[in-house]
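As structure tokens, the structure follows; a few thoughts come after it.
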Amino acid sequence: NESGYTVSVAIAPKTSADQQGLLYEGKDYAGLGAAANSVLLMTYEWGFTYSVPMAVAPINKVRQVIEYAVTEIPSAKIDMGIPNYGYDWPLPYEKGVTRARTIGNIEAVNIAVRYGAVIQYDEIAQTPYFNYTDEQQTEHEVWFEDVRSLSAKYSLIKEYNLRGMAVWQIMRLFRAMWVLFDDFFEKYKETSIKIKSMDDLHKKVLYLYADIKENIYFCTLKYMEQIV
């Protein structure tokens with residue numbers, strides 16, 4: 001901008017200019033896209049703490065947001081949000097009462113193994129899920145991310161020629177995400193950041209930059225393994 005600063009904005013996932021709702025009505029995609037150097041689409045939280053059990057970022061919904069966004073904002077400015085977590089809902093679901101627990105992707109698989117649950121895959125949402133019954137005989141429904149769902153999301157970045165992506169959130173290490181990342185995107189740039197403790201990691205909110213057109217925010221295994 002005129003002051004020489006790089007400006008990035010994070011915006012709610014709209015699918016049309018006149019979309020109703022508190023999160024959407026004040027977000028001018030075209031205006032923000034023109035003013036900012038980059039725009040992060042928060043393409044996650046369809047499934048959230050108090051929602052009905054469903055995928056955090058169903059690929060059909062994510063695609064709708066991107067299809068609208070590229071009509072208002074240059075694709076070279078757009079970063080797509082990628083969720084690195086899931087939710088565990090107790091059942092039956094009761095609106096305004098049921099509260100899902102946030103879990104990591106590895107934790108989700110461990111839960112499935114512990115209770116002998118069969119992990120299924122929703123082809124429309126392109127997201128894994130499963131059901132289980134705990135020791136108190138409470139039924140649960142879990143939605144999370146795996147390499148299949150992440151692959152579908154990474155493919156949209158290439159398909160729409162986006163600037164890159166931003167992961168929310170990187171504090172839950174999911175090794176498979178970065179292995180897949182390296183396979184999808186050929187080259188990346190390292191930084192001199194050294195992480196010597198979890199405190200350092202929290203303070204720096206570690207973002208490393210990869211090459212997809214300009215930038216992809218990511219955290220490599222190499223630096224995570226420097227934690228002592």
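Here the structure is a predicted model, which means the values were calculated and not measured.
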Whether D79 side chain and G164 backbone form a donor-acceptor pair below 3.5 Å: yes
Gap separating the CD1 atom of I66 from the CG atom of L41, nearest 0.5 angstrom: 6.5 Å
Rounded to the nearest 0.5 Å, how far does CD1 of I111 lie from CZ of R114? 8.0 Å
Out of curiosity, T102 OG1 to F144 CZ, how far, rounded to the nearest 0.5 Å? 15.0 Å
Hphob cluster co-occupancy, Y129 + V109, side-chain heavy atoms under 4.5 angstrom: no
Check whether T15 reaches the backbone of Q64 with its side chain - one donor and one acceptor, N or O, closer than 3.5 Å. no
May I ask whether V142 and V56 are part of the same hydrophobic cluster, defined by side-chain heavy atoms of I, L, V, M, F, W, Y residues being less than 4.5 angstrom apart, directly or through others? no
Give a yes or no on whether F48 and Y85 share a hydrophobic cluster (residues Ile, Leu, Val, Met, Phe, Trp, Tyr; joining criterion: side-chain heavy atoms under 4.5 Å apart). yes
Between N131 and A117, the two heavy atoms sitting closest are O-CB, 3.3 Å
Aromatic plane relationship, W89 with Y87 - under 30° parallel, 30 to 60° tilted, over 60° perpendicular: tilted
To the nearest 0.5 Å, tell me how far Q126 CD sits from S151 OG. 8.5 Å
So does E72 pair up with K27, basic N to acidic O under 4.0 Å? no
When you compare the side chains of E94 and T98, does any donor N or O come within less than 3.5 Å of an acceptor on the partner? no
What's the shortest heavy-atom distance between F130 and A108, and which atoms? CZ-O, 3.2 Å
Identify the two heavy atoms, one from T138 and one from L91, that lie closest to each other, and give their separation to 0.1 Å. CG2-O, 4.0 Å
Atom CG in N37, atom OG in S8: separation rounded to 0.5 Å? 8.0 Å
Indicate whether any N or O donor in one side chain lies under 3.5 Å from an N or O acceptor in the other, for D88 and Y132. yes
Would you indicate whether the side-chain heavy atoms of R148 and P128 approach each other to under 4.5 Å? yes
Kindly write out the residues that satisfy salt bridge (charged side-chain N to carboxylate O under 4.0 Å, His left out) with E123, not counting sequence neighbours, or none if the list is empty. none
Would you say the side chain of P13 lies within less than 4.5 Å of the side chain of W46, judging by non-hydrogen atoms? yes
I need the R163 CZ to I73 CD1 distance, nearest 0.5 Å. 12.5 Å
Judged by modelled atom types alone, do N84 and N105 share a side-chain donor-acceptor pair under 3.5 Å? yes
Do you reckon M80 sits in the same ILVMFWY cluster as V9, going by side-chain contacts under 4.5 Å, direct or chained? yes
I'd like to know whether R99 forms a side-chain hydrogen bond (donor to acceptor under 3.5 Å, both in side chains) with Y50, so could you lay out the CA-CA distance, the side-chain angles of the two residues, the decisive distance to 0.1 Å, and finally the verdict. CA-CA 5 Å; R99 188 178 193 278; Y50 289 102; 3.3 Å; yes
Donor-acceptor contact present, side-chain D146 to main-chain S149, <3.5 Å: yes
Heavy-atom closest contact (P58 atom, T127 atom, distance): CA-OG1, 4.4 Å
Can a donor-acceptor pair be found between the side chains of Y115 and E135 at a distance below 3.5 Å? yes
I would like to know whether V70 and I78 meet side chain to side chain contact (heavy atoms under 4.5 Å, CB included); could you show each step before the answer? CA-CA 8 Å; V70 295; I78 298 174; 4.0 Å; yes
Would K14 pass as a cation-pi partner of Y29, given that its NZ or CZ must be under 6.0 Å from the six-membered ring centre and within 45 degrees of the axis? yes
So which atom in A36 and which in K77 form the shortest heavy-atom distance, rounded to 0.1 Å? O-NZ, 2.9 Å
What are the two closest non-hydrogen atoms of P83 and K153, and how far apart are they? CD-CE, 4.0 Å
Same cluster or not: are V167 and V65 linked, directly or through other Ile, Leu, Val, Met, Phe, Trp or Tyr residues, by side-chain heavy atoms under 4.5 angstrom apart? yes
Answer yes if the side chains of R63 and Y160 hold a donor-acceptor pair under 3.5 Å, and no otherwise. yes
